[in-house]
S.K.: 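Got a structure for you, written out below as structure tokens; questions coming shortly.
Everything numeric in this text was worked out from a predicted model, so none of it was measured. Just so we're on the same page: letters track the sequence lines, and every chain starts at 1.
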2 protein chains.
Amino acid sequence: MNILEKISQVQNSFSKSERKVADVIIASPETAIHSSIAALAKAADVSEPTVNRFCRRLETKGFPDFKLHLAQTIANGTPYVSRHVDVDDGPDAYSAKIFESIMAALDDARKSLDIVKVNKAVDYLTQAKHISFFGLGSSSSVAHDAQYKFFRFNIPVSCFDDVLMQRINCINANDSHVIVIISHTGRTKSLVEIANIARSNDAIVIGITSEDSPLAQASNLVLSMDVPEDTDMYMPMASRIAQLALIDILATGFTLRRGDKFMQNLKRVKDGLKDSRYEK
Amino acid sequence: MNILEKISQVQNSFSKSERKVADVIIASPETAIHSSIAALAKAADVSEPTVNRFCRRLETKGFPDFKLHLAQTIANGTPYVSRHVDVDDGPDAYSAKIFESIMAALDDARKSLDIVKVNKAVDYLTQAKHISFFGLGSSSSVAHDAQYKFFRFNIPVSCFDDVLMQRINCINANDSHVIVIISHTGRTKSLVEIANIARSNDAIVIGITSEDSPLAQASNLVLSMDVPEDTDMYMPMASRIAQLALIDILATGFTLRRGDKFMQNLKRVKDGLKDSRYEK
DNA sequence: TAACAATATGAAATTAAATTTCAGTGACAT
DNA sequence: ATGTCACTGAAATTTAATTTCATATTGTTA
């Protein structure tokens, strides 16, 4: 892949003229990629076919293809391969690793998300007379975020991170309620119990949780994402970011379902917040 | 430098045919760099001159030069490109776009984050006798998440999303307090006022906010990230996810600074939570 | 809504670039 | 000395990219 390394590897099999080409390229790859074959030939004091033969020897299709490879090689520094934070990582190393592992997790989450179920969830949410978001611990901040988002839509929405309040909310629920329960593991006892109470009152329970977990079994609809949880630090990191992304998706689906007029309403909300801010 | 990002930036100035070219390239940059202008034109169902004009609009010398830029961009795998959600996108389309936008934003955030400042923030946090996290609206869920994370460290940490509580907390602050204020815009009046109160009591104020904002000016240390905020939906999306990533980074830095014994403590906390969960 | 202006688009012509062909050169062996 | 073989570049060829220009489309004004 790295064409410059390859040049130095096959150095011995080069002819005298080809060596000249190699030298010019190694001396200034940046110049080489912006040169025509004629310019490069002149710089190396060889003929154009020699440059072309040089390129082919590197197993490229020809000069333009060679330039492409060279461009990729000099594009940028090496990315971190190991995603796990190491005890003697410096700030730059662990920062990069965390960003990368989050992005990798989001990529996995995207691939594993069932779009049909997302659409179904949006169906439920748009038809709901009342929406509640529940979460505990780390997931409670996701629930708060969801509440904040849906609150902008000017629909009745609640968020509870208190098991008693959650329970009361479920006891009073009915078939026009949608309860969204967020739990990465799906094994938190109280949340499973609460889901069952809601179900017994004909409320719709959407679980943002792991497939096949007790909470998943207690939900009407499960939105699950495969996220490799980083056990390094013994705390949830990537999972809740994937959950937030899912909340964004649900909110977006909700908005799109409601149409254009609704979006203008969102804009109005945003504009209305201006007074609480300093002017730019 | 990132030509794909540039394509999405100048998207609106494209003509209908140029947009077609953009779509084909974004859909498969890998294919694009190995295509001739004729092949690409055919794939996008436009003429060759259109492709050429498209390249020039991106401030490249022409098609071959464009390919060079593109090759450099995708050198380390296909990067994430933020695309705007369209009113007639289906669930699969908007889901994919949201995931990609978030990842693109994280990528930008990573590049723009000042690691020296991160390290300085970790310094402050490790030396603090008390840490408070403040946020309002969307940022309040980030503050909650931060509190939850640092609470596991078994250090005095608070989180307030109520302006009065925040104010009281700052009035009582002293030089052993670190106040982390989270605000994407950095223009929320009450938060700026609160920052000034904390500063007047010699507390350390860390602002997770925009560079050069009023809040940034009122902070001892500013952690800023360039995140292209999606104005599509008129609500914060990418910015708060970048903030969460930053919280993870700070928590990780904190953990690493405390050493091995401390990590075992985190494990103990995690194990201690088992009783509240169903067994696997 | 007609008429115009501005812009966008692609066919064809042109230009530029890369590749192939082929003949000349020199190194080495016989 | 001369034949062989690999190396090299001039010239021809092929391929690709760019420019030109005529036509179509869109938007704007009367």
S.K.: Expressed in angstrom and rounded to an integer, what is the separation of I37(A) atom CD1 from dT15(D) atom C1'?
M.R.: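 Taking atom C1' of dT15(D) as the reference, CD1 of I37(A) is at 13 Å.
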
S.K.: Report, as yes or no, whether the 6.0 Å neighbourhood of atom CZ on F151(A) holds more than 12 heavy atoms from other residues, nucleotides or ligands.
M.R.: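 For F151(A), atom CZ is not crowded (no more than 12 foreign heavy atoms under 6.0 Å).
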
S.K.: If you check the E48(B) side chain, which of dT18(D), dG9(D), dG10(C) turns out closest?
M.R.: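 Of all the options, the side chain of E48(B) is nearest to dT18(D).
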
S.K.: Think K120(A) forms a cation-pi with Y124(A), using NZ or CZ under 6.0 Å from the six-ring centre and within 45 degrees of its axis?
M.R.: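 Judged by the rule, K120(A) and Y124(A) form a cation-pi pair.
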
S.K.: Can you tell me how far P of dT9(C) sits from CZ of F54(B), to the nearest Å?
M.R.: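 In whole Å, dT9(C) P and F54(B) CZ are 13 Å from each other.
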
S.K.: When you measure from the side-chain N and O atoms of S36(B) to the phosphate of dT15(D), is any distance below 4.0 Å, counting only OP1 and OP2?
M.R.: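 So the side chain of S36(B) is outside the cut-off, no N or O lying under 4.0 Å from OP1 or OP2 of dT15(D).
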
S.K.: If you measure from the Lys or Arg side-chain nitrogens to the Asp or Glu carboxylate oxygens, is any gap between D248(A) and K149(A) under 4.0 Å?
M.R.: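 Salt bridge: yes.
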
S.K.: To the nearest Å, how far apart are R53(B) CZ and dT9(C) P?
M.R.: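 These atoms are roughly 7 Å apart.
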
S.K.: Can you tell me which nucleotide in dA18(C), dT9(C), dG9(D) comes closest to the side chain of P64(A)?
M.R.: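 For P64(A), the side-chain atoms sit closest to dA18(C).
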
S.K.: Is there a side-chain polar atom (N or O) of S15(A) under 4.0 Å from OP1 or OP2 of dT8(D)?
M.R.: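 Yes, because at least one side-chain N or O of S15(A) sits under 4.0 Å from OP1 or OP2 of dT8(D).
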
S.K.: For V51(A), report the nucleic acid contact type (base, sugar-phosphate, nothing); a contact means any heavy atom under 4.0 Å.
M.R.: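 Nothing, no heavy atom under 4.0 Å.
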
S.K.: Look at S17(B) and dT9(C) and indicate whether a side-chain polar atom (N or O) is within less than 4.0 Å of OP1 or OP2.
M.R.: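 For dT9(C), OP1/OP2 do have a side-chain N/O of S17(B) under 4.0 Å.
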
S.K.: Would you kindly compare N52(B) and K16(B) by the position of their nearest DNA chain D nucleotide and give the one closer to the 5′ end?
M.R.: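 The residue mapped nearer the 5' terminus is N52(B).
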
S.K.: Could you check whether F63(B) and F54(B) have their ring centres less than 6.0 Å apart?
M.R.: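 For F54(B) and F63(B), the ring centres are not under 6.0 Å apart.
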
S.K.: Rounded off to whole Å, could you give me the NZ-to-C1' distance for the K61(A) and dA16(D) pair?
M.R.: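 After rounding, the reported distance stands at 12 Å.
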
S.K.: Side chain of T50(B): nearest nucleotide among dA17(D), dT21(C), dG10(C)?
M.R.: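 Nearest to the side chain of T50(B) among the choices is dG10(C).
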
S.K.: Taking 4.0 angstrom as the limit, do E18(B) and R57(B) come out as a salt bridge?
M.R.: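 Answer for the salt bridge query: yes.
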
S.K.: Tell me: CD of E18(A) to C1' of dC7(D), nearest whole Å?
M.R.: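 Answer to the nearest Å: 9 Å.
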
S.K.: Measure CZ/R57(B) against P/dT7(C) and give the value in whole Å, please.
M.R.: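 Going from R57(B) (CZ) to dT7(C) (P), I get 11 Å.
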
